Chemist: 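For reference, the structure I am asking about is given below.
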Amino acid sequence: MLTVVIVAVVVSIAAFAVYQRQALGAARTDAHDRIAGAPPDLADAGQADWQEVMGALVVEPGAGDENDLLAPLALRVEETQKVTPNIHGPHKDIRGRTKISGTRHGRRVDITVKEGVSRVNVGPPGVAAFTAAVDGRRLVAGGGAPDGVVSALESLGESKRWRGVRVSGGDHGVRVTRDEGPVDTTIYHDLWLAERLIEANR
């Protein structure tokens with residue numbers, strides 16, 4: 001009886017692994033198909049899903065394949081978190097961090113994801129100091145923010161996609177930190193936002 005139980009558990013784990021690989025492959029192919037063409041205009045990332053935002057961030061159309069989604073964005077993965085399924089419950093054991101970097105439009109980009117918190121930092125350094133945070137479902141600039149930043153944020157509609165976002169500008173460039181939501185995909189919204197505010201802060 002014990003042998004039967006052990007075999008069943010092993011088969012279940014193997015089946016889950018196959019399903020996970022198939023689902024990941026399908027998601028990658030779908031995302032690659034949606035970002036393979038020319039970047040679309042995107043006025044408000046808060047109204048778009050992550051694949052659409054990735055499409056708007058493309059700077060090298062056609063680069064890479066479905067296994068290298070970040071190549072068209074001129075980004076590369078330097079480190080990845082280690083995820084171990086937990087057969088005793090729905091939670092997974094996640095260790096380490098994911099680190100992504102690159103140079104886009106002549107600016108350094110550094111993205112990290114660790115323990116449910118993401119940080120997207122876009123240079124150049126020496127940006128005028130400002131802060132912004134979510135008020136309800138809107139991103140609102142803090143007092144003393146440059147007029148361009150205030151106008152850029154006011155142009156964005158309400159969206160639950162900005163939940164948990166904090167923004168700062170200064171010697172580090174523009175940094176978007178998030179501690180809520182699926183941070184492994186919302187990093188694309190945050191990169192779009194950081195680059196939009198860099199442009200607005202000129």
Side-chain angles (χ1 to χ4, degrees), residues 20-81 83 94 96-114 116-124 132 134 137 139 152-153 155-167 173-201:
Q20 199 172 41
R21 285 196 298 271
Q22 290 174 339
L24 180 59
R28 282 176 170 167
T29 300
D30 176 61
H32 179 262
D33 290 345
R34 296 178 68 174
I35 69 174
D41 256 349
L42 186 59
D44 186 349
Q47 313 306 316
D49 64 24
W50 67 271
Q51 292 99 331
E52 291 175 289
V53 178
M54 283 187 76
L57 293 171
V58 168
V59 292
E60 298 178 7
D65 57 25
E66 64 269 18
N67 294 310
D68 189 9
L69 288 179
L70 297 183
L73 279 61
L75 298 172
R76 66 183 180 279
V77 177
E78 296 186 351
E79 299 177 33
T80 57
Q81 292 176 308
V83 181
I94 302 176
R97 66 175 181 173
T98 294
K99 180 173 173 54
I100 299 167
S101 66
T103 301
R104 294 171 45 83
H105 310 295
R107 308 182 189 108
R108 174 73 181 181
V109 175
D110 290 290
I111 301 171
T112 58
V113 177
K114 183 178 182 180
V117 177
S118 64
R119 185 181 70 184
V120 176
N121 203 96
V122 179
V134 176
R137 290 192 171 192
L139 280 166
L153 294 178
S155 72
L156 304 180
E158 293 186 2
S159 175
K160 64 182 181 181
R161 289 188 171 95
W162 301 126
R163 186 178 60 192
V165 164
R166 302 184 305 280
V167 187
V174 171
R175 179 175 299 153
V176 181
T177 305
R178 181 189 295 259
D179 58 11
E180 291 187 46
V183 294
D184 53 337
T185 53
T186 52
I187 55 174
Y188 305 113
H189 288 80
D190 299 346
L191 175 56
W192 178 93
L193 178 63
E195 292 185 334
R196 176 62 59 95
L197 295 180
I198 282 274
E199 290 293 327
N201 204 357

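These figures come from a predicted structure and were not determined experimentally.
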Chemist: Are the side chain of Thr98 and the backbone of Thr80 linked by a donor-acceptor contact shorter than 3.5 Å?
Modeler: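 Here the side-chain-to-backbone pair does not exist.
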Chemist: Going by heavy atoms in the side chains, are Ile111 and Tyr188 under 4.5 Å from each other?
Modeler: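 No - every pair of side-chain heavy atoms lies 4.5 Å or more apart.
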Chemist: Rounded to the nearest 0.5 Å, how far apart are CD1 of Ile187 and CE of Met54?
Modeler: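 CE of Met54 is found 8.0 Å from CD1 of Ile187.
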Chemist: Who pairs with Arg137 by salt bridge (charged side-chain N to carboxylate O under 4.0 Å, His left out), at least two apart in sequence or on another chain?
Modeler: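 Applying salt bridge (charged side-chain N to carboxylate O under 4.0 Å, His left out) to Arg137 gives none.
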Chemist: Would you sort out whether His189 and Trp162 count as a side chain to side chain contact (heavy atoms under 4.5 Å, CB included), showing the intermediate values?
Modeler: CA-CA 8 Å; His189 288 80; Trp162 301 126; 3.9 Å; yes
Chemist: What I'd like to find out is whether the side chain of Val174 reaches to under 4.5 Å of the side chain of Asn121, using heavy atoms alone.
Modeler: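 Heavy-atom side-chain distance check fails, nothing below 4.5 Å.
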Chemist: Kindly write out the residues that satisfy side chain to side chain donor-acceptor pair (under 3.5 Å) with Arg161, not counting sequence neighbours, or none if the list is empty.
Modeler: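 Listed in chain order: nothing, the list is empty.
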Chemist: Might you point out which heavy atoms bring Arg108 and Asp110 nearest each other, and give the distance in Å?
Modeler: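 Smallest interatomic distance, heavy atoms only, reads NH2-OD1, 3.0 Å.
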Chemist: Please identify each residue that fulfils side chain to side chain donor-acceptor pair (under 3.5 Å) with Arg119, with sequence neighbours left out.
Modeler: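 Applying side chain to side chain donor-acceptor pair (under 3.5 Å) to Arg119 gives none.
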Chemist: Say whether, by atom type as modelled, one donor and one acceptor occur between the side chain of Glu195 and the main chain of Trp192 under 3.5 angstrom.
Modeler: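 Not confirmed, Glu195 side chain does not pair with Trp192 backbone.
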Chemist: Can you list everything that forms a side chain to side chain donor-acceptor pair (under 3.5 Å) with Glu158? Sequence neighbours excluded, please.
Modeler: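 With neighbours one apart ignored, the set is empty.
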Chemist: Please list, chain by chain and in numerical order, all residues satisfying side chain to side chain contact (heavy atoms under 4.5 Å, CB included) with Arg107, sequence neighbours excluded.
Modeler: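 Partners of Arg107 by the side chain to side chain contact (heavy atoms under 4.5 Å, CB included) criterion, ordered by chain and then number, come out as His105, Val122, Pro124, Ile198, Glu199, Arg202.
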Chemist: Check whether any side-chain heavy atom of Val109 lies under 4.5 Å from a side-chain heavy atom of Leu191, and answer yes or no.
Modeler: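 Yes, their side chains come closer than 4.5 Å.
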Chemist: Quick check: closest heavy atoms across Ala71 and Glu60, and the distance to 0.1 Å?
Modeler: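 Shortest heavy-atom separation between Ala71 and Glu60 comes out as O-OE1, 3.7 Å.
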Chemist: Report the residues that fulfil side chain to side chain contact (heavy atoms under 4.5 Å, CB included) with Ala132, sequence neighbours left out, ordered by chain and then residue number.
Modeler: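 Side chain to side chain contact (heavy atoms under 4.5 Å, CB included) list for Ala132, sorted by chain: Leu153, Val167.
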Chemist: Considering non-hydrogen atoms only, spot the tightest contact between Val53 and Ala48 and give its length.
Modeler: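 That would be CG2-CB, 4.1 Å.
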Chemist: Mind checking what makes salt bridge (charged side-chain N to carboxylate O under 4.0 Å, His left out) contact with Asp179, not counting sequence neighbours?
Modeler: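 Salt bridge (charged side-chain N to carboxylate O under 4.0 Å, His left out) check on Asp179 returns Arg166.
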Chemist: Which pair of non-hydrogen atoms, one from Pro61 and one from Val58, has the smallest distance, and what is that distance?
Modeler: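 Nearest heavy atoms, Pro61 then Val58: N-CG1, 3.6 Å.
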Chemist: Identify, with sequence neighbours excluded, every residue that meets side chain to side chain contact (heavy atoms under 4.5 Å, CB included) alongside Thr185.
Modeler: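 Applying side chain to side chain contact (heavy atoms under 4.5 Å, CB included) to Thr185 gives Trp50, Pro182.
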Chemist: How far apart are the closest heavy atoms of Val183 and Val117, and which atoms are they?
Modeler: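 Shortest heavy-atom contact: CG2-N, 4.4 Å.
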Chemist: Do Arg178 and Ser118 have side-chain N/O donor and acceptor atoms under 3.5 Å apart?
Modeler: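 Note: Arg178 and Ser118 side chains miss the donor-acceptor criterion.
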Chemist: Could you list the residues that satisfy side chain to side chain contact (heavy atoms under 4.5 Å, CB included) with Ala200, not counting sequence neighbours?
Modeler: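 Ala152.
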Chemist: Taking only residues two or more places apart in sequence, or in another chain, which ones meet Gln47 in a side chain to side chain donor-acceptor pair (under 3.5 Å)?
Modeler: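 Gln47: side chain to side chain donor-acceptor pair (under 3.5 Å) contacts with Asp44.
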Chemist: To check you understand the geometry: which heavy-atom pair defines the closest contact between Arg104 and Leu57, and what is its length?
Modeler: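 The pair with the smallest heavy-atom distance is NH1-O, 2.8 Å.
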Chemist: Under the side-chain contact (heavy atoms from CB on, under 4.5 Å) test against Val120, which residue among Thr177, Leu193, Thr112, Asp190 passes?
Modeler: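 That would be Asp190.
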